[in-house]
Amino acid sequence: MEVDDEPTASAQQEQQHEEEKEEEAALPLKVDQLRLDAYYRMDYPVDLMERWLGCGKKSVFKRREFVFQKTLLDDEGLPTGKPLMVRYKSFDGANELRKGITSFEPDRIEIGPIYSHQPKLKDKAIGFEPTERELVFDIDASDYDDIRVCCKDKKMCEDCWGFMRSGVKILNRILTHDFGFKHLLWVFSGRRGIHCWVSDETARKLTNEQRASIAKYIEVHLGGKTLEDSKIAIEKDLAADWSHPTFKTLYNTFVKSAFEDIVLNPENQNNLSDEKIAHDIFTLFKSRIPNNVGVLDKVKEYLAKAVSGALSQKQAWEGIKRIKSANQYNRHCEWVPIVVEYIYTYPRLDVMVSTKRNHLLKSPYSIHPGTGLLCVPFLSGELDTFRPFTDAPHVASLSGSALPRVEIFEKYISEIEREREAMAP
């Protein structure tokens, strides 16, 4: 049940958002309601939110949209149906935001764009529309269901985190190196995803068309109805023995090592010795070189040895990459392994999240109502040590002391403020 409507969001975005809410409503809250209410009433960092989302101006913060979601429960503590979602909330400052939270008692808070007018007064406004919004990205473990064997759907484990870790490293490199963005906030979504907030002024002011262009540049994994149909955007370039300098760097710096960390790692469930993984990789070869029987036979032989244990995962993959075609002008056995490595390591983005200024995204330090876990920030440089299910605390463990990892959020905001002050006339 939603109060008010999204004015310009796409039907696809609306459907996805509703499906996500319905999934969460189907499960009991993984947290005591009183503790949840107490957290938002006392601990949710409203002062930091005003500093960040107001961009240094009270007048801007007043025009920022907040969205409150509340799961209605029956006498037995079970959801009664769809969550109540109230949109276009706006506040004059941190104190009023706290009062609004205390009054509504949400179990989830989402953040929208900066509008031309105060969202709470939109019905009286003429030309009400979004004017600014951080550039945001969403990586979700469920988008890797066609290649992971450890988990499916909403579940995520330590082995799944390898896919997410690789995606963040690659995305971070592109955003900072190719586009020059400086202010990236990485946040664990509380269940199976990662959100990135780019708060540079130039990023906030991007139009939908400009956001779509950036997303298209970044998007390499194009997916498909089945794994066999999966494509990456640079396949033709690889087949022609050419690659954009960015993707050469990404491959040498991140893709190869991430593939080794996941698919060639015997301690990861998603490795080459798994029969499904081996079958899927053979399928990727076969769909690209269906008539090269000689190469396919050798690929199958190496994969079978990885499954049987006759060769280690790394030895089998190195053998596959050394296969030479009988036709000296046929480079299939050289570029197809690179395609496979990209499919298993490149970030799979929810492009709609990034291209629309009015898309909603869960607030940092919100509680995920399906898990009770806190949506905490982390640094891109600590990906190899950050563990979401231990470093993101459950709301029941919070005791009113300093918020976990809040120093990351505070430093992020302070760096934005220092840059703003330095650029002021």
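In this text, all values refer to a predicted model and were calculated from it rather than measured experimentally.
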Asker: Using only heavy-atom distances, determine whether the side chains of Y365 and D43 contain a donor-acceptor pair under 3.5 Å.
Answerer: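 Note: Y365 and D43 side chains miss the donor-acceptor criterion.
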Asker: Is the cationic atom of K122 (NZ for Lys, CZ for Arg) positioned less than 6.0 Å from the six-membered ring centroid of Y88 and within 45 degrees of its normal?
Answerer: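 Relative to the ring axis of Y88, which defines the angle, K122 lies inside both limits.
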Asker: Parallel, tilted or perpendicular: which fits the ring planes of H244 and Y217, with parallel below 30° and perpendicular above 60°?
Answerer: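 Perpendicular: the ring planes of H244 and Y217 meet at over 60°.
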Asker: Which pairs count as salt bridge (Lys or Arg N to Asp or Glu O under 4.0 Å) when at least one residue sits in residues 204-220, sequence neighbours excluded?
Answerer: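 Of all non-adjacent pairs touching residues 204-220, those that pass salt bridge (Lys or Arg N to Asp or Glu O under 4.0 Å) are E132-R204, E201-K205.
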Asker: With a 4.5 Å limit on heavy-atom distance, are the side chains of L379 and I408 in contact?
Answerer: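 SC-SC contact between L379 and I408 confirmed.
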Asker: Find out whether the Lys NZ or Arg CZ of R348 is both under 6.0 angstrom from the six-membered ring centre of Y144 and within 45° of the ring's axis.
Answerer: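 The answer is yes, since R348 meets both limits relative to Y144.
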Asker: Taking the side chain as everything from C-beta on, heavy atoms only, tell me whether V198 gets closer than 4.5 Å to E134.
Answerer: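 V198 vs E134: side chains apart.
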Asker: Taking atom NZ as the centre, does K231 end up with more than 12 heavy-atom neighbours from other residues, nucleotides or ligands that are less than 6.0 angstrom away?
Answerer: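 Counting neighbours around NZ of K231, more than 12 heavy atoms of other residues, nucleotides or ligands fall under 6.0 Å, so yes.
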Asker: Have D229 and T226 got a donor and an acceptor in their side chains that come within less than 3.5 Å?
Answerer: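 Indeed, the side chains of D229 and T226 share at least one donor-acceptor pair under 3.5 Å.
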Asker: Can you pull out every salt bridge (Lys or Arg N to Asp or Glu O under 4.0 Å) where at least one residue sits in residues 389-400? Sequence neighbours excluded, please.
Answerer: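 Residue pairs with at least one partner in residues 389-400: there are none.
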Asker: Using distance alone, with no hydrogens and no angle criterion, decide if S366 and Y40 have a side-chain donor and acceptor under 3.5 Å apart.
Answerer: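 Short answer, yes.
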Asker: Taking the ring centre of each residue, are W317 and F259 less than 6.0 Å apart?
Answerer: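 Yes.
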Asker: Would you check if P404 and P393 make a side-chain contact, meaning some heavy-atom pair closer than 4.5 Å?
Answerer: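 Yes, close enough: below the 4.5 Å cut-off.
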